[in-house]
Amino acid sequence: MVDFAYVIAGSEATGGAGLQADLKTFQELGVYGVGTITCIVSFDPKNNWGHRFVPMDPQVITDQIEAATAAHDLDVVKIGMLGTPATIDAVAEALGRQQWRHVVLDPVLICKGQEPGAALDTDTALREKILPRASVVTPNLFEATVLSGLAQITTEDELIEAAKRIHALGPASVVVKGGVDLPGDDAVDVLYDGTEVSVFRAPKIGQERVSGAGCTLAAAITAELAKGADIDDAVLFAKEFVTAGIEGRVAANTPFDSVWQGAYVEQFAADELA
Ligand code: PXL
């Protein structure tokens, strides 16, 4: 029987990030995806592709979660962009209504186009109401800097220190992603589970950010956990999956390319045929 993976996240209208990237990842990895929309981001091509952001009515989020969790016995969920204190409250309340085997949190902090004041409230609500419920949290360099309170993160040791500080805020495991912004030739990720530190590396592919990379990594971790993998194996695999997706990225009229979630399976099929 097929395993189920659930995602509660924002819609990103170009298809590169957010719920769209999550559901594509789930499908590629052979799990049945179920999605709940928290907010809608529509980049504005007339305004330098800036973010236009509209949160869902919290009741509509609650209704979607009610429908999804009544229809299916879901126990592994990914949380992506939530958007406002009110949407965070609705999601936190719903998360508390049942037991979860895993809650994978991609702590999407600020979205351009939001008021800085509102963003601060949102960060605080995320930190207080969602982060402690996470079994895995996957901050990027910026999010790890904000959550850890470190002045900066420029080395692998600082990446590890950030992971330890974020672990102290409640989540069971922390994956801090160095990405293209951490100096060095490799894209370095650090996993800390409260006892052990594991470091994952892959050579950087260019120096440009690719849209959907963070979403895809967290979604791939979620899919692997849904299938029964342990966290170490899930992170190791997810890094391979997203690395293939970055290599196979698709160009767009936006200023950035997008991850192609089909690249891993294409590469795997090509290897099988070779
Ligand atoms: O990549 C972060 C992200 C997540 N979720 C949504 C987004 C974005 C970035 O644009 O729009 C909905």
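Numbers for residues simply follow the sequence, beginning at 1. All of these numbers come straight from a predicted model, not from anything done at the bench. Counting starts at 1 for both ligands and their atoms, following the listed order.
For the pair S11 and ligand 1, a heavy-atom separation below 4.0 Å is found. Residue contact annotation: A9 has no non-hydrogen atom under 4.0 Å from ligand 1.
Each of the atoms 1 (O), 4 (C) of ligand 1 lies under 4.0 Å from some heavy atom of C215. If you number the atoms of ligand 1 from 1 as listed, the ones under 4.0 Å from a heavy atom of F43 come out as 10 (O). Residue contact check: G10 has heavy atoms under 4.0 Å from atoms 12 (C) of ligand 1.
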Only distances under 3.5 Å count here; give the side-chain donor-acceptor pairs of residues 214-223 to other protein atoms, sequence neighbours excluded, each with its distance to 0.1 Å.
unit_1, atom_1, unit_2, atom_2, d
T216, OG1, G212, O, 2.6
T216, OG1, Q261, NE2, 2.9
T222, OG1, A218, O, 2.7

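By the salt bridge (charged side-chain N to carboxylate O under 4.0 Å, His left out) test, E156 pairs with R201, sequence neighbours left out.
Both cation-pi conditions hold for K164 and Y192: the charged atom is under 6.0 angstrom from the six-membered ring centre and inside a 45 degree cone around its axis.
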Report the C-alpha distance between D186 and K204 in whole Å, list the side-chain angles of each, state the deciding distance to 0.1 Å, and finish with yes or no for salt bridge (charged side-chain N to carboxylate O under 4.0 Å, His left out).
-> CA-CA 5 Å; D186 289 342; K204 282 182 185 170; over 6 Å; no

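Side-chain contact between D44 and W49: absent, with no pair of heavy atoms (C-beta onward) separated by less than 4.5 Å.
In this comparison of M81, R209, H51, Q20, the heavy atom closest to atom 10 (O) of ligand 1 sits on H51.
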